[in-house]
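One structure is given below, encoded as structure tokens.
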Amino acid sequence: MFNKIMTPVDLAHEGDLAKALQCTADLAKHYDAEVHFVGVTTGTPSATAHNPQEYKGKLAEFAKAQADKHGIRATADPVIAHDPTTDVDDALLRAIDDTGADLVVMQSHMPNILDYIWPSNGGKIAEHAKCSVLVVRG
Amino acid sequence: MADETDIEGIPTPEGAADIIETDYRIGQDNIQTKVGPFGIDIHNPVFVISGLLVIAFVIFALAAPGTANAIFNGVDAAEVEGCEAGAFCDLGMRAYLTSNFDWFFLWGANIFVIFCLLLIVSPWGSVRLGGTDATPDYGYAGWFAMLFAAGMGIGLMFFGVLEPAYYFGTPWGDEPLGTVRPFGEDGALIEGNVEEARRMALAATSFHWALHPWAIYAVVALALALFSYNKGLPLSIRSAFYPLLGERVWGWWGHIIDTVAVFATLFGLATSLGFGAQQANAGMSYVYGLPNNVTVQVILIVAITAVALVSVLRGLDGGVKVLSEINMVVALLLLLFVLFTAGAVGILTDFFSTLGAYVQEIVPLSNPHGREDTGYMQGWTAFYWAWWISWSPFVGMFIARVSRGRTVREFITCVLIVPSIVCIFWMAVFGGSAINDIIANPETSAVKANVIDSYSPELSLFAMLESLPLAAITSTIGVILVIVFFVTSSDSGSLVIDTITAGGKVDAPVSQRFFWCTFEGLVAIALLVGGGLGALQAMVISTGLPFTIILLVLCYGILRGLMSEKQRALS
């Protein structure tokens, strides 16, 4: 049913992603789908990497580790955003088109009052993406 | 693929770049938590100290407005015993600095100009910000619009008519280089002096808006961009000090540097927001007869802050860039309108003669020694230099944020040469047509009435527009431009403060920019209602002195940084 699964990851908060990663691996195995781990980074140095190239390397390592651990096929797709605080959603929506994913699996926080004003990333992707989106609560 | 990165994650630059190895990890000092539904990711202690310091100074200015004003802005010379009116006796910190350190400000700015011009022609000009293989984040149009709207903006609206008209006809002895006056004792025009006075007025105005201010911005911006994009240090003012202070920049030295930068930026923005609201209000009451009072001004600040909020919440690409571009288009339309209605051919000739006069006079105007025109040199030039320098952390950091992927040569050309030419053109158009109006109608000119006969600087632009056709429409555009220019400074300023107080992180939660943008509006309102705008603005300008020393150090840091980039590229 699904050929390409896209899973957005935040390398700075890798520990919080356990559920979404497990879910991605299970679905990938079940449908024999290829996984694209998409990470959004900045041109400026961040907590994760000094520059986009270094980030790319770290994301590739992460994808490889996931592939080895779960026995799935996985690639890394870094995306550069100018202002990630506000651009993450748009960057991810573009990545869905670029990767040609037919399923997005993403972690999201428990909804709170603030989501009425600023929707969560997961919520916004689910609302605007043309493919199926599975939002996994953390 | 990027598998070149080894297992420890040792940084692989984008092409050749010379990363600085440091144990500091961006965000290591940050407090990350949640308050209710709001996520927080702030630098400890820069965020808290700068916030509290700002509040403390606002309280000081509100509680003791007289003392605050006397310290920073000075008291009226007439109130000082044994002091002749108009003399510099006890005019507070600002006048003390501009009259005693004028030579230092002037030489500092000269060095920055020479430094930047040398970089363009030097082999280091080919170093690319972000590594040899980096590509520019923004196209030329968007990039230029953003750096211009943040860097000058409102000043062009306020001083474009005021300054040339003032130098042309000043009755207060501020003639640049002691040039001739076009008016005799009886107020009649002296035909023989008009041409020279006009030439000098335009050259002296251009002097304050062209190479020198942009060189100041370029030095700060280049230092930050180089140390962040090529050396891998966080995008924060402290990073530029790494060559001098080494690992100490991550400790209290760095905290102090960043806090002072936040402080200067926030107060610089808040006080100009307060004054800007007064100017916009004065303009509106002049044009539409609206009441000119604190209520209208507070409403204006709230409106400006609200638009700035929308802009920062939409982000760099969706908000700040879009608004800057709109701003540029509207400003260009106004410029073209004035150009054509005031006589395009004459003004174009003006542009070239202003450019010529600027080139001719730049050396005598930048020399601080043996000058007798202290009114101009200290009251205007030294004041301007201190002002530009106090704004440089903010503008420099914003320029750095949007300049990744450019070579040093491209960067300096676009941050120094192009804006200088645009500013000279603007001054020639607005100043030239204002002076023409004064010459043509010395009896009835509204510009003359508001700048020379009595001093109402905030009305100068509207007075000039009045002399041209369709004044009702263009004045409305003028008011809108004043407001939009404020928004573009306010939103980029909030982004800069947010990044510094998040320890160089550009992905801090959106609630933090909301906080700084609102805080800036509140500080402006508090100072507007309670008094103290002038005192705190004078205080901000006083930070120009320590920052001049800092900028000189930055030049050294840039050279060291570029040398190591070049060596790495060669090896």
Side-chain angles (χ1 to χ4, degrees), chain A residues 10-16 37 39-65 74-91 93-94 109-121 124 138, chain B residues 1-7 9-15 17 19-20 25-28 30 36-39 130-131 133-134 137-138 228-235 239 312-321 400-402 404-405 495 498-499 503-513:
Chain A
D10 179 357
L11 290 187
H13 299 104
E14 213 180 303
D16 302 339
F37 287 107
V40 178
T41 186
T42 53
T44 49
S46 67
T48 317
H50 290 89
N51 53 38
Q53 189 73 9
E54 186 189 347
Y55 185 87
K56 204 170 157 188
K58 289 199 168 173
L59 191 65
E61 267 177 46
F62 172 83
K64 189 164 182 303
T75 57
D77 299 77
V79 179
I80 299 180
H82 294 150
D83 186 9
T85 303
T86 55
D87 294 350
V88 167
D89 303 330
D90 295 333
L93 286 169
R94 270 200 311 276
H109 64 261
M110 285 296 172
N112 59 35
I113 181 92
L114 213 59
D115 288 287
Y116 289 99
I117 314 167
W118 290 306
S120 64
N121 300 124
K124 188 151 175 221
Chain B
M1 266 323 286
D3 291 335
E4 312 89 74
T5 304
D6 72 14
I7 294 119
I10 286 174
T12 310
E14 264 195 318
I19 292 270
I20 289 178
R25 191 171 165 275
I26 295 173
Q28 69 172 29
N30 281 26
F38 298 102
D133 300 339
D137 280 357
Y138 293 97
S228 188
Y229 297 133
N230 295 52
K231 311 292 180 192
L233 302 183
L235 185 63
S239 297
V312 287
L313 296 183
R314 285 190 48 80
L316 201 48
D317 291 2
V320 180
K321 178 164 161 268
R401 175 88 188 262
V402 295
R404 185 173 175 276
L495 277 187
D498 178 38
T499 307
K505 277 188 161 187
V506 292
D507 57 352
V510 76
S511 44
Q512 270 159 249
R513 2 182 123 171

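Values reported hereafter were calculated over all heavy atoms of this structure, with side chains retained and with hydrogens, waters and symmetry mates removed. Naming convention: chains lettered A, B, ... in sequence-line order (proteins, then strands); numbering from 1 in each chain.
How far CG of B:L233 is from OG1 of A:T44: 12.0 Å, rounded to the nearest 0.5 Å.
You'll find the side chain of B:V506 reaches within 4.5 Å of the side chain of A:P84, heavy atoms only. Here the side chains of B:Q512 and A:T85 are not in contact, with every heavy-atom distance at 4.5 Å or above.
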Check against side-chain contact (heavy atoms from CB on, under 4.5 Å), A:Q53 and B:D133: CA-CA 10 Å; A:Q53 189 73 9; B:D133 300 339; over 6 Å; no
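Closest approach of B:L316 and A:D83 over heavy atoms only: N-OD2, 2.7 Å. Contact record, B:R404 with A:G43: NE-O, 3.4 Å, taken as the closest heavy-atom pair.
Residue contact with chain B, scored on non-hydrogen atoms closer than 4.5 Å, involves the side chain of A:T42 exclusively. Only the side chain of B:R401 comes within less than 4.5 Å of a heavy atom of chain A; its backbone N, CA, C and O stay farther away. Looking at B:V312, only its backbone comes within 4.5 Å of chain A, counting heavy atoms on both sides.
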